[in-house]
Amino acid sequence: MDKFAEIIVDVPAMQTNQPFTYLIPEEFRQVVSVGMRVEVPFGNGNRHIQGFITNIVTEAPRVTDSLKAITNILDLKPVLNEELLLLADEMAQKTYSFKITCLQTMLPSVMRSSYKKWIVKTAEIEPDIDEQLFKGLAEIEWDEALESIPLSKLLSLRAEEKIDLRYEVLTKNKIKTKKVIKKKMTTMELREVAKSIRANAKQQQKLCAFLMEFAEDSEISLLELMQEHDLSRAAITSAEKAGWLSIEEREVYRDPYAFQSFKQDTPLDLNDEQDKALAEVIKAQDENAATTFLLEGVTGSGKTEVYLQAISHVLNKGKTAIMLVPEISLTPQTVTRFKKRFGADVAVLHSGLSEGERYDEWRKIERNEARVVVGARSAVFAPLENIGLLIVDEEHESSYKQDETPRYHARDVAIWRSQYHHCPVILGSATPSLESRARAQKNVYQLLPLTKRAVADAVLPKVEIVDMRKAIAQTKNSFSTELIQKLTERLALGEQAVLMLNRRGFSSFIMCRDCGFVLPCPNCDISLTLHMDTKTMKCHYCGHEERIPYQCPSCHSDKIRYYGTGTQKVETELQELLPDARIIRMDVDTTRKKGSHQALLRRFENHEADILLGTQMIAKGLDFPNVTLVGVLNADTALNLPDFRSSERTFQLLTQVSGRSGRGDKPGEVVIQTFNPDHYAIQLVQDQDYETFYRKEMSLRHLSGYPPYYFTVQVVASHEDEYLAAKKIYQIAEKLKTSLSEQAVVLGPTPKSIARVNKRYFYQIVIKYRQEPNLEQALNDLMVASQAEIQKGMRIVIDVEPQNFI
DNA sequence: AGCACGCCGACT
DNA sequence: GTCGGCGTGCTC
């Protein structure tokens with residue numbers, strides 16, 4: 001006999017990060033199950049909060065009399081299945097976050113409860129106070145009450161037991177419904193009824209006639225019936241009373257793609273390489289092997305077609321698939337491609353959806369009405385059953401790592417789910433992360449190379465690197481003569497160009513305009529960051545600090561200054577240089593409104609403009625055959641960030657953006673403007689030579705001891721009082737140095753580059769290690785030992801394999 | 001997190 | 001003397 005439920009409650013704190021046991025009242029015993037959300041009383045004041053049932057047991061582990069009972073059930077059926085509950089546990093452990101946070105992360109935001117506190121009258125109160133407080137109502141909201149009456153008065157009323165508190169747990173997951181009607185009498189019976197309808201009851205006659213024709217067991221929406229057959233609501237209601245028909249509620253989905261029809265398309269022919277890659281994936285699927293594939297294909301090599309056909313294969317076997325795409329490339333183009341191939345089987349989850357739409361898509365998946373899920377990071381938690389394939393496209397994208405707790409990496413979650421379902425997972429990229437590529441080297445992942453562009457005869461674009469150290473002498477603006485000349489040529493031919501202005505690392509470093517020199521840290525092989533608050537150059541790894549140079553240490557030029565330019569300024573310059581060019585500017589300013597991103601792209605696609613000028617957001621996934629020139633105005637900015645991944649990011653970004661050129665039958669060109677023309681990350685973009693880049697970068701990582709040779713964990717302590725934050729991080733560093741083994745290295749402590757955010761000061765350390773048996777224990781101990789301080793305003797964040805070190 | 005309990009300062 | 005400030009500890 002089920003009696004007790006173990007519940008994770010919605011209190012994100014270390015002390016409550018464990019299941020609490022509750023009684024299941026008699027009336028719920030038949031319906032409760034693991035994975036449902038419930039409302040429970042919690043704490044001294046018995047305030048009501050949301051919780052998740054993680055287990056149901058027949059025997060209470062402790063004294064039964066102190067147990068409280070579940071007040072309410074918030075779901076009719078579980079919202080999390082066994083797999084996802086298990087995954088949440090795993091995630092909480094691996095990312096050092098609370099179980100409740102993990103559970104909530106897996107669900108649409110509408111399912112998160114909000115809480116309201118009400119004051120209810122339980123006895124007679126003095127009339128004047130009653131009027132002042134309740135204003136004639138039976139109950140009033142706590143916050144509202146505080147405006148009309150002091151807190152002390154409320155507390156004394158409560159002590160006298162004249163008022164009581166009521167806690168409300170609200171959940172916004174409203175289901176949108178429509179009414180449908182069903183026939184309840186047979187045609188024979190209706191024929192009898194028809195005879196007795198009065199002659200002037202035209203509506204009744206019409207409805208009866210309709211029902212006689214209407215097939216049993218089929219349904220028609222009430223609205224449709226009224227509109228199409230000119231019937232009144234009253235006529236239908238009386239027909240319901242007479243028992244001719246029944247009115248039932250049916251759920252409707254808010255389908256954001258409802259008004260678009262998608263023409264079914266068919267699989268494209270594959271080249272030899274694509275064929276071979278597909279065959280390997282299919283083989284793994286058929287053998288139920290949880291193989292991780294790394295599909296490494298140059299831009300335009302047709303990775304998506306391989307994905308599509310691999311998905312077809314699992315669908316044919318009656319299984320389901322998840323495809324992850326970075327938010328930025330989840331364009332209508334991408335969605336359309338999937339909808340065309342798989343039709344209504346596809347559910348799409350992305351941030352452009354409203355909360356309600358997102359919830360509807362989620363429910364469609366949960367009810368097994370979608371078999372393919374396409375979405376950004378959080379779509380990896382899609383409640384699909386029987387998964388046969390997972391795909392992580394552009395697997396190197398750092399947006400797959402959530403930058404708030406729980407700091408999970410969608411790529412890792414995808415691999416975890418593939419192991420749970422015994423199915424393959426494909427990581428795809430033209431420029432894989434070094435971590436993934438290294439694993440393929442060690443045969444942990446299986447490498448599937450695509451080296452040729454898929455479109456017949458399409459070749460990789462010709463890349464020209466322009467040395468801006470020379471160009472800056474000739475022009476005062478952001479454009480080299482080479483780039484302007486090529487723009488002029490292309491526009492004259494009626495072709496289009498894409499220009500990228502790199503905004504990463506904007507003006508946080510100093511560079512010499514004459515020789516491109518950037519001040520490095522003497523200890524860390526990483527450039528120093530400018531701190532205007534202290535007027536110094538600082539290293540974020542070791543804490544090294546020096547004064548701001550007024551002369552270039554390398555060439556002694558005095559043209560050493562901040563680096564950075566804005567899109568708006570560039571647009572003005574460009575318009576002056578090419579007065580006839582039609583320019584579309586795409587940056588955070590012009591794409592803030594919902595749908596404007598898409599609108600701008602459509603205008604460009606329709607050739608209503610010649611040049612698309614934008615930030616990184618234009619680098620990914622766009623496929624415009626008429627674009628034959630890509631220009632990168634400043635390739636260096638990301639290169640000089642004080643992050644060991646800066647070369648990798650630069651190479652990836654430049655390769656991605658170069659890939660936008662020459663995707664149709666016309667050959668493409670790329671112009672890269674840089675102050676570091678000899679840097680390997682820029683040189684190797686010329687031939688899109690990922691493999692050489694990989695080897696070069698690996699040897700550097702090996703030398704300096706960074707991933708993938710080492711694992712990293714970042715610990716950040718922050719407080720409104722700078723002294724307390726600094727003191728805490730030094731204590732943590734000391735403690736970790738003693739509790740971790742010899743081979744682990746603790747870097748820092750150092751202040752974060754933006755030392756103060758939201759009135760808080762941030763200090764960090766980074767732990768590097770190859771193998772650290774004590775790590776999990778040490779970090780958990782750290783969190784437990786810091787409880788007292790955390791309650792006094794300290795915040796400690798543990799980030800496993802951080803993507804950003806700045 | 002948020003609630004109760006408990007121990008000290010500034011008022012009627 | 002009490003009211004009410006915040007620090008401490010606990011939550012099935």
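Below, each value reflects all heavy atoms present in this structure, side chains not excepted, and no hydrogens, waters or symmetry copies. Labels below follow one simple rule: chain letters A, B, ... track the order of the sequence lines, proteins then strands, and each chain is numbered from 1.
When distances are taken from the side chain of A:N44 to each of B:dA1, B:dC3, C:dC12, the shortest belongs to B:dC3. For A:T21, whose side chain is taken as the heavy atoms from C-beta onward, the closest listed nucleotide among C:dC12, C:dG9, C:dT8 is C:dC12. The side chain of A:F42 lies closest to C:dC12, out of B:dA4, B:dC3, C:dC12.
For the pair A:L155 CG and C:dG5 P, the computed distance is 10 Å after rounding to whole Å. The nearest whole Å value for the distance from the NZ atom in A:K68 to the P atom in C:dC10 is 15 Å. Rounding to whole angstrom units, NZ of residue A:K792 and C1' of B:dG2 are separated by 18 Å. Whole-Å rounding puts the A:L151 CG to B:dA4 P distance at 11 Å. What separates CG of A:N46 from P of C:dC10 is a distance of 17 Å, to the nearest Å. Regarding A:Q787, its CD atom lies at a distance of 12 Å from the C1' atom of B:dA1, rounded to whole Å. Distance A:I100 CD1 to B:dA1 P: 14 Å, rounded to the nearest Å. Nucleotide C:dT8 holds its P atom 14 Å from the CD atom of A:Q15, rounded to whole Å.
In this structure, A:R770 forms a cation-pi arrangement with A:Y710, its terminal cationic atom sitting closer than 6.0 Å to the ring centre and no more than 45° off the ring axis.
A donor atom on one side chain and an acceptor atom on the other are found under 3.5 Å apart for A:H421 and A:E83. Under 3.5 Å, the side chains of A:E776 and A:Q93 contain a donor-acceptor pair of N or O atoms.
Within the nucleic acid shown, A:Q791 comes within 4.0 Å of at least one base atom, counting heavy atoms only. Within 4.0 Å (heavy atoms only), A:Y115 reaches no atom of the nucleic acid at all.
For C:dC3, neither phosphate oxygen OP1 nor OP2 lies less than 4.0 angstrom from any side-chain nitrogen or oxygen of A:S152. Applying the 4.0 Å criterion to OP1 and OP2 of B:dA4, one finds that A:R158 has a side-chain N or O inside that range.
Here A:E789 pairs with A:K728 in a salt bridge; the nearest charged N to carboxylate O distance falls below 4.0 Å. No salt bridge links A:E168 with A:K117; every basic N to acidic carboxylate O contact stays at or beyond 4.0 Å.
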